[in-house]
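Below is one structure, written out as structure tokens; comments come after it.
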2 protein chains.
Amino acid sequence: MAVTIKDVAREAQVHMSTVSRAFSMPHRLRPETRDRVLEAARILGYRPSRVARALTTGRTRNIGFIVADIANPFFPPMIKAAEHTARSRDHHLFIADASEDPAIEAELVDALAKQVDGVILCGPRIANAKIENLSETIPIALVNRKVTGIPSVTMDVVHGARVAIRHLLDLGHERLAYVSGPRQSWTNTQIRRTVGATAGDRGTVTVLGPNTPTEDAGMAVAAEIVRTGVTAVLAYNDLIAIGIIEGLDALGVSVPGDVSVIGIDDTVLGRLTRPRLTTINVPTADAGTAAVDLLLQYTAGDEDASRPAAHVSLPTELIIRDSTAPPRGSGS
Amino acid sequence: MAVTIKDVAREAQVHMSTVSRAFSMPHRLRPETRDRVLEAARILGYRPSRVARALTTGRTRNIGFIVADIANPFFPPMIKAAEHTARSRDHHLFIADASEDPAIEAELVDALAKQVDGVILCGPRIANAKIENLSETIPIALVNRKVTGIPSVTMDVVHGARVAIRHLLDLGHERLAYVSGPRQSWTNTQIRRTVGATAGDRGTVTVLGPNTPTEDAGMAVAAEIVRTGVTAVLAYNDLIAIGIIEGLDALGVSVPGDVSVIGIDDTVLGRLTRPRLTTINVPTADAGTAAVDLLLQYTAGDEDASRPAAHVSLPTELIIRDSTAPPRGSGS
DNA sequence: GATTTGTGTGCAAACGATTGCACGACACCC
DNA sequence: GGGTGTCGTGCAATCGTTTGCACACAAATC
């Protein structure tokens with residue numbers, strides 16, 4: 001089978017503990033011994049067994065990364081960044097897809113728990129209480145969710161939504177709609193709360209949904225948008241926004257001529273559609289990196305100390321493209 | 001710490017080996033003992049340590065999944081499907097992004113080797129020889145590459161490319177170009193060989209590239225396309241095709257008015273662009289599933305037997321949308 | 001009733017590393 | 001020249017499972 005620490009020990013004529021130390025505490029060995037061991041290891045092509053190491057040290061150097069839907073273009077850049085940072089810290093990433101299902105999500109945490117040092121939940125759909133629960137079993141870091149006592153990184157969608165709504169208001173829209181996403185999404189709640197407050201007495205905001213965050217859901221909601229008579233909509237994400245545009249188009253309603261549409265996420269998709277999508281950029285890659293860093297420094301910390309759970313908030317930005325315009329009949 | 005098999009043994013008043021057997025060979029236990037053990041395990045919330053199990057059995061029940069670029073929309077559906085199938089077989093998936101770099105790719109295989117039962121290489125950029133090499137260390141399954149003796153699943157791009165070229169020929173195009181992808185890509189080679197042969201004496205095919213499979217690369221090659229004077233191009237993938245369309249547009253060349261463009265992969269993107277992209281559909285999700293199955297049955301097989309390496313070929317299909325049309329000035 | 005055949009459990013040795021402890025060698029100090 | 005350190009290395013226990021072997025007991029065989 002594979003070459004073990006014992007083989008190296010024999011080859012270098014030392015005890016296996018010495019081999020182990022040649023890697024973990026090289027400075028404590030006589031240089032000549034160290035070199036002999038390292039050379040032997042090199043010749044034999046020795047790579048320590050991460051499994052065996054995990055068993056003694058109790059640390060696997062693996063991280064679980066759970067997302068609601070890998071195929072949602074929001075996630076890949078985040079996964080990619082997370083994987084890269086993890087790797088640069090000599091960690092590997094398990095990835096799992098919860099299919100937007102809270103039960104599966106919780107089950108995945110349990111399943112992964114036995115072979116990771118911690119797990120990152122991205123846009124979790126599980127309840128806060130359950131998360132607190134799970135976090136007693138295994139260190140958890142959150143993306144786009146805040147739970148006291150648990151480290152998290154969020155994107156400032158409140159700011160993003162506020163700017164987006166103001167943009168619509170400034171264009172002259174008075175009847176707005178928010179096409180909401182999954183009920184369990186923290187981001188969704190944040191946005192929903194923000195839109196009404198931002199519109200204030202400058203406009204009314206109808207909330208449509210909840211919806212699954214897919215293009216199909218967006219298409220399906222188009223008819224309802226027309227029925228409500230709003231002239232501008234903010235969608236939970238780009239996927240829904242694009243679906244809405246398609247759906248509206250199918251009904252003969254033009255964007256942005258008749259209705260303005262704003263998405264959220266700034267995925268690749270938005271630049272490609274016609275009209276090109278006005279959307280809120282969120283730094284997904286940064287979030288992936290930050291989440292890994294947070295989790296790692298969390299698990300590295302001494303178990304005793306009641307360290308304050310770190311929280312990172314990332315800035316968002318409105319990208320104005322072609323899916324928004326003044327309402328028909330406005331002066332301009 | 002976590003509850004171990006010993007805790008369950010104590011609780012159920014049996015030896016730990018009995019606990020172990022209660023899970024692995026329940027039928028060999030007296031029903032009453034088995035139930036007592038299972039009940040104790042349930043109460044304590046026992047989950048066997050995958051790490052410890054891996055150490056004794058030599059099987060981790062983990063799979064490494066290496067792709068060239070997670071953010072390329074070609075991969076996420078494949079990853080998603082692979083993860084789901086793996087999970088249904090009680091396996092977990094490590095995912096790693098090789099950044100289109102052969103050296104990193106090989107290094108990743110080595111790094112993961114110590115904690116997986118096998119690895120799946122998707123669209124590998126490493127040389128065949130190196131793959132054969134690595135496969136002596138660790139079971140490998142391939143997606144979109146054929147190496148004798150190694151199980152693989154490929155998509156029938158030869159058929160796809162043939163149909164695509166014929167489509168262009170039938171529209172009346174005579175001067176074609178193939179905008180190629182990464183040099184190390186097997187798919188790329190297959191297509192390049194096919195296009196010329198298919199055109200035969202009905203048309204000429206200029207090969208442009210190699211290029212990295214990104215939108216930017218596509219944009220960059222637009223000028224060259226104009227210079228060659230071709231009226232239709234087949235691109236290595238959707239990303240490049242979309243870049244080409246953008247680049248052409250920036251040069252005042254219309255698609256499909258002046259130039260027809262066909263992509264490959266049929267990612268989400270293609271339906272969104274205007275004009276909507278004519279492209280070759282490849283079943284990425286099926287490939288992900290098939291690769292996991294192949295690898296699993298490969299690693300399950302007895303080590304001795306020289307089993308014939310299984311190979312799966314998946315069908316492709318031309319999706320005709322709006323980016324292709326007869327050349328300007330043709331009769332129709 | 002002695003011998004064979006099962007059946008259900010316990011025992012203990014792996015698996016491949018890490019790590020606290022012990023110990024010999026050597027240098028240093030007074 | 002006998003204590004006192006320091007340094008480099010070996011020893012062996014440990015992590016949490018699995019699994020071949022042994023053994024006690026019961027049922028079946030002659």
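Below, chain A is the first sequence line, B the second, and so on; all start at residue 1.
- Note on A:T18: a side-chain N or O is less than 4.0 Å away from OP1 or OP2 of D:dG10.
- Residues A:R87 and B:D97 are not paired through a salt bridge, judged by the lack of any N-O separation under 4.0 Å between the basic side chain and the carboxylate.
- The side chain to side chain contact (heavy atoms under 4.5 Å, CB included) test applied to A:R34 returns A:P26, A:L29, A:P31, A:L38, not counting sequence neighbours.
- Atom CD of B:Q13 is separated from atom C1' of C:dG8 by 17 Å (rounded to the nearest Å).
- Between A:I5 atom CD1 and C:dT19 atom P there is a gap of 11 Å when expressed in whole angstrom units.
- Taking only side-chain atoms of B:T56, from C-beta outward, the nucleotide of C:dC15, C:dG16, C:dT19 with the closest atom is C:dC15.
- When rounded to the nearest whole Å, the span between NE2 of A:H15 and C1' of D:dA13 equals 12 Å.
- With B:R145 as reference, B:N128 is the one residue of B:N128, B:L121, B:I150 to meet the side-chain contact (heavy atoms from CB on, under 4.5 Å) rule.
- Nearest nucleotide to the side chain of A:R21, out of D:dG20, D:dG10, D:dT17: D:dG10.
- In this structure, A:R36 does not pair ionically with A:E32, as no charged nitrogen and carboxylate oxygen lie closer than 4.0 Å.
- Ion pair B:E107/A:R47 flagged as a salt bridge, since at least one NZ, NE, NH1 or NH2 atom sits closer than 4.0 Å to an Asp/Glu carboxylate oxygen.
- With salt bridges taken as basic N to acidic carboxylate O contacts below 4.0 Å, one links A:R61 and A:D90.
- Scanning atom types as modelled, one donor and one acceptor separated by under 3.5 angstrom connect the side chain of B:S17 and the base of C:dC11.
- Near DNA chain D, defined here as any heavy-atom distance below 4.0 Å, there are no residues from residues 22-32 of chain B.
- Ranking D:dT19, C:dG10, C:dT18 by closeness to the B:V14 side chain, first place goes to C:dG10.
- For B:A52, the side-chain atoms get nearest to D:dG16 when compared with the rest of C:dA17, D:dG16, D:dT9.
- Comparing A:M16 and B:L55 against DNA chain C, the residue whose closest nucleotide sits nearer the 5' end is B:L55.
- Taking 4.0 angstrom as the limit, B:S20 places a side-chain polar atom (N or O) nearer than this to OP1 or OP2 of D:dT18.
- Of the side-chain N and O atoms in B:T57, none sit less than 4.0 angstrom from OP1 or OP2 of D:dT18.
- Atom CZ of B:R10 and atom P of D:dG16 are 12 Å apart (whole Å).
- One can place CZ of A:R59 at 18 Å from P of D:dC15, the figure rounded to the nearest angstrom.
- Residues satisfying the side chain to side chain contact (heavy atoms under 4.5 Å, CB included) test with B:S313, not counting sequence neighbours, are B:T154, B:D156, B:H311.
- Note: CD (A:Q115) to C1' (D:dG16) measures 14 Å, nearest angstrom.
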